[in-house]
Amino acid sequence: MPAIIRTAVLLTAAAALIIPAAPAQAAPSGHGAAPRAGETVTQPLQAALKSLTIKDEDRTGYQRTSFKHWVDADKDGCTTRAEVLQAEALTAPDQGPKCKLTGGRWYSEYDDHYIEGPSGLDIDHRIPLAEAWDSK
């Protein structure tokens, strides 16, 4: 793609992100009234975020031990962690006794890094269990 076209496309995309469009408005069920069930309401993102209710966290009853950690669900000698590491490796790790992994190489899309060796990786939840518990 020629540089001039690429620049025009990038400027157009940037303008779309910077210049707010007029939000579409649904017909409200009444001035200041909450929307009816099933009613679609469109509003600017900042207004939607401000309308969210923020609740205090409640860890009542939470125990990390209530949630199983790495299990070998298929009984092949490797935990789920080891299986995920093997499946997502760019360069496969060596598998030793009791499925101990050494070597290998992975890529982190989150921070654009390459990771050498499995000890530098966490294979876990996107949302910590305690935080998920709090949102119950």
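In this text the structure is predicted, and so the values were computed from the model without any measurement.
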| query | In the single-linkage hydrophobic clustering (I, L, V, M, F, W, Y; side-chain heavy atoms under 4.5 Å), do Val84 and Trp70 co-cluster? | reply | yes

| said: Under the rule for side chain to side chain contact (heavy atoms under 4.5 Å, CB included), what residues qualify as partners of Ala48, not counting sequence neighbours? | reply: Gln43

| said: So which atom in Ser108 and which in Asp111 form the shortest heavy-atom distance, rounded to 0.1 Å? | reply: OG-OD1, 2.6 Å

| task | Could I get the full list of side chain to side chain contact (heavy atoms under 4.5 Å, CB included) partners for Glu116, not counting sequence neighbours? | result | Arg105

| request: Could you work out the complete set of other residues in the hydrophobic cluster of Leu45, with links drawn between I, L, V, M, F, W and Y side chains under 4.5 Å apart? | output: Leu49, Leu52

| field | Thr80 side chain to Val71 backbone, donor-acceptor under 3.5 Å | value | yes

| field | Inter-residue atom distance Leu129.CG - Tyr62.OH, 0.5 Å rounding | value | 5.0 Å

| Under the side chain to side chain contact (heavy atoms under 4.5 Å, CB included) test, which residues partner Asp112, sequence neighbours left out? | Tyr107

| task | May I ask you to list the residues sharing a hydrophobic cluster with Ile54, side-chain cutoff 4.5 Å, ordered by chain and number? | result | none

Side-chain donor-acceptor pairs under 3.5 Å in residues 87-102, sequence neighbours left out?
| unit_1 | atom_1 | unit_2 | atom_2 | d |
| --- | --- | --- | --- | --- |
| Gln95 | OE1 | Gln86 | NE2 | 2.7 |

| Donor-acceptor contact below 3.5 Å, side chain Trp133 vs main chain Thr60 | yes

| note | For Leu85 and Trp106, the nearest pair of non-hydrogen atoms, with its separation, is O-NE1, 2.8 Å

| said: For the backbone of Phe67 and the side chain of Arg64, can you confirm whether one donor and one acceptor N or O come within less than 3.5 Å of each other? | reply: yes

